[in-house]
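Read through the structure below, which is laid out as structure tokens, and then see the notes.
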Protein chains: 2
Amino acid sequence: MHDVPDIASVARLMGDPTRARMLTALMDGRALTATELSLQGGVTPSTASSHLARLAAAGLTEIVQQGRHRYFRIASPEVAAAIEGLMSIAPRKELRTIIPGPGTDALRRARVCYDHLAGEVAVRLLERLREKKLVSGVDETLALTVNGEAWCERIGIDLVALNARRRRICRPCLDWSERRTHLGGALGAAILDRLMALRYARRVRASRMVVLSARGEAFVERLG
Amino acid sequence: MHDVPDIASVARLMGDPTRARMLTALMDGRALTATELSLQGGVTPSTASSHLARLAAAGLTEIVQQGRHRYFRIASPEVAAAIEGLMSIAPRKELRTIIPGPGTDALRRARVCYDHLAGEVAVRLLERLREKKLVSGVDETLALTVNGEAWCERIGIDLVALNARRRRICRPCLDWSERRTHLGGALGAAILDRLMALRYARRVRASRMVVLSARGEAFVERLG
DNA sequence: TGCATGGTTTGATGGTAATCAAAGCGTGAC
DNA sequence: GTCACGCTTTGATTACCATCAAACCATGCA
């Protein structure tokens, strides 16, 4: 007679291929317009519209109205985490890339995962952080060491501000292309911010792709 | 042209109410027979059979054949984590309890989450561990302190064996009834093991429910 | 005041899949 | 051997829902 979580209703929403493509497209953390999402979903605007309405009604996405555009984005880190959880156990699927171009090799190299870095580079970054003993532990025991805290200050990350947020500092995030963990959480997001501010990394317009400059690549190796 | 995780196929599987009920029933970490699961799903054996076949084919469940019984269980902690992720963002649903009895109030108090303790008691336990400085950090930075390691040895948890496994020691797990994190991971599982071995806790037959003795309740408060 | 653009609503169509009863098939018990 | 039990397969039925075109609404621009 009590209330239990109804996972079927959420899972059902994510279980439609079109909606899943839309959600995946939103996993870079940006807000996309309805038409962009209808393209990503490979479906007409009318169909997309009904899908988007349902995702928003269920609280999976948020809507930001701006002029005659409606921007959709993932509603919360919890939703993003749930999607990541599914990604880590999902089978791989051959997907013919709709938009030809550099393709997914570059995506494997470096991309954005909601709000932090993912891909080979991100996995390597965590590896280096661990080798230099700036973070300790694996997976859930992952934490900044004292040295790591000093390093943060050195490269311009405000740890006090980071700690003030209720968000986890070090969060292991399972990389679906590498099958290894990379660094998420508040620190992961902060590092990506710094990389962009320093022009070591830039995001490629309208995609999850991230390109690192030579200095950026060097930073990942030398961490300074 | 590359392969990407196909979250739709997994989500679709979890998106059917019957299958979702079956998976939820399996979240206590035990293996259940096909008939038990058909009851949980509220469906005829034939229907249940086809559902279970699909879950197994997708790698969400494992099958253990024993005599003329077939036992099903969640295939891996990753699958359990994905389900927990969905639970944390799923809407609540009024469910008329099929089997009358103590109901879900006791479930809120203490229950098993795959292989570790969940519910009010589990949240309180983590709170106490943190107050006593046996674990530090929040969420993803969660880790055993030096004092915490000593405490483990004292109550009979073999840390060496724990570290030998590839599994994370401290894993924060979002409690769907409390909306706060409790302790999962290898340590969470080990603590539940000890509680049961010491007869401080016992599982209630055929449910996720866990009952703590007075000594068990005291243990959670005093941690020794 | 128009017109174009972005987005939603409506209604009809089709395909998918959940369901059950009944029959089939092993395994274990007698 | 034969019976019972646990589970699966088959086949038919049904309900749902993703989809699109066309009409509609609303916003911004000229």
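Per chain, numbering begins at 1; letters A, B, ... match sequence-line order. Just so we're clear, the structure is a prediction, and the values are computed from it rather than from any experiment.
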### Task
Check salt bridge (Lys or Arg N to Asp or Glu O under 4.0 Å) between A/Arg70 and all other residues, then give those that pass, not counting sequence neighbours.
none

### Task
Return the set of residues passing salt bridge (Lys or Arg N to Asp or Glu O under 4.0 Å) with A/Arg12 (not counting sequence neighbours), or none when no residue passes.
none

### For A/Arg124, side-chain hydrogen bond (donor to acceptor under 3.5 Å, both in side chains) partners two or more places apart
A/Glu127, A/Glu221

### Query
Sequence neighbours excluded, which residues qualify as salt bridge (Lys or Arg N to Asp or Glu O under 4.0 Å) partners of B/Asp6?
none

### Task
Side chain of B/Asp16 only, please: which of D/dA18, D/dG6, C/dA18 is the nearest?
C/dA18

### Task
Quick one: label A/Thr18 by what it contacts on the DNA or RNA (base, sugar-phosphate, nothing), any heavy atom closer than 4.0 Å.
sugar-phosphate

#### Entry: Nucleotide nearest B/Ser49 when distance is taken to its side chain, options C/dT8, D/dT9, C/dA18
D/dT9

#### Entry: Partners passing side-chain hydrogen bond (donor to acceptor under 3.5 Å, both in side chains) against B/Asp16 (at least two apart in sequence or in another chain)
none

Hey, what are the protein-to-nucleotides 20-22 of chain D N/O distances that come in under 3.5 Å?
from: D/dC20; atom 1: OP2; to: A/Thr44; atom 2: N; distance (Å): 3.2
from: D/dC20; atom 1: OP2; to: A/Thr44; atom 2: OG1; distance (Å): 3.1
from: D/dC20; atom 1: OP2; to: A/Thr47; atom 2: OG1; distance (Å): 2.9
from: D/dA21; atom 1: N6; to: A/Ser46; atom 2: OG; distance (Å): 3.3

### Task
Could I get the full list of side chain to side chain contact (heavy atoms under 4.5 Å, CB included) partners for A/Ser46, not counting sequence neighbours?
A/Thr44

### Query
Who passes side-chain hydrogen bond (donor to acceptor under 3.5 Å, both in side chains) against A/Thr24, sequence neighbours left out?
none

### Message
If you compare every side-chain N and O of A/Arg70 against the phosphate oxygens of C/dT8 (OP1, OP2), does one of them come in below 4.0 Å?
### Response
yes

### Message
For DNA chain D, please output the secondary structure as dot-bracket, reading 5' to 3'. Pairs are Watson-Crick or G-U wobble, both atom distances under 3.5 Å; mark crossing pairs with [ ], other-strand partners with |, unpaired with a dot.
### Response
||||||||||||||||||||||||||||||

### Task
Apply ring pair (Phe, Tyr, Trp, His ring centres under 6.0 Å) to B/Tyr71 and list each qualifying residue two or more places apart in sequence or on a separate chain.
none

### Query
For the side chain of A/Arg12, counting heavy atoms from C-beta on, which of D/dT19, C/dT19, D/dC16 is nearest?
D/dC16

### Task
Any pair with a residue in residues 38-63 of chain A that passes salt bridge (Lys or Arg N to Asp or Glu O under 4.0 Å), sequence neighbours left out, goes on the list, sorted by first then second residue, please.
A/Glu62-A/Arg73

### Task
Using a cut-off of strictly less than 4.0 Å between a heavy atom of the residue and any atom of DNA chain C, enumerate the qualifying residues of residues 52-65 of chain A by number.
none

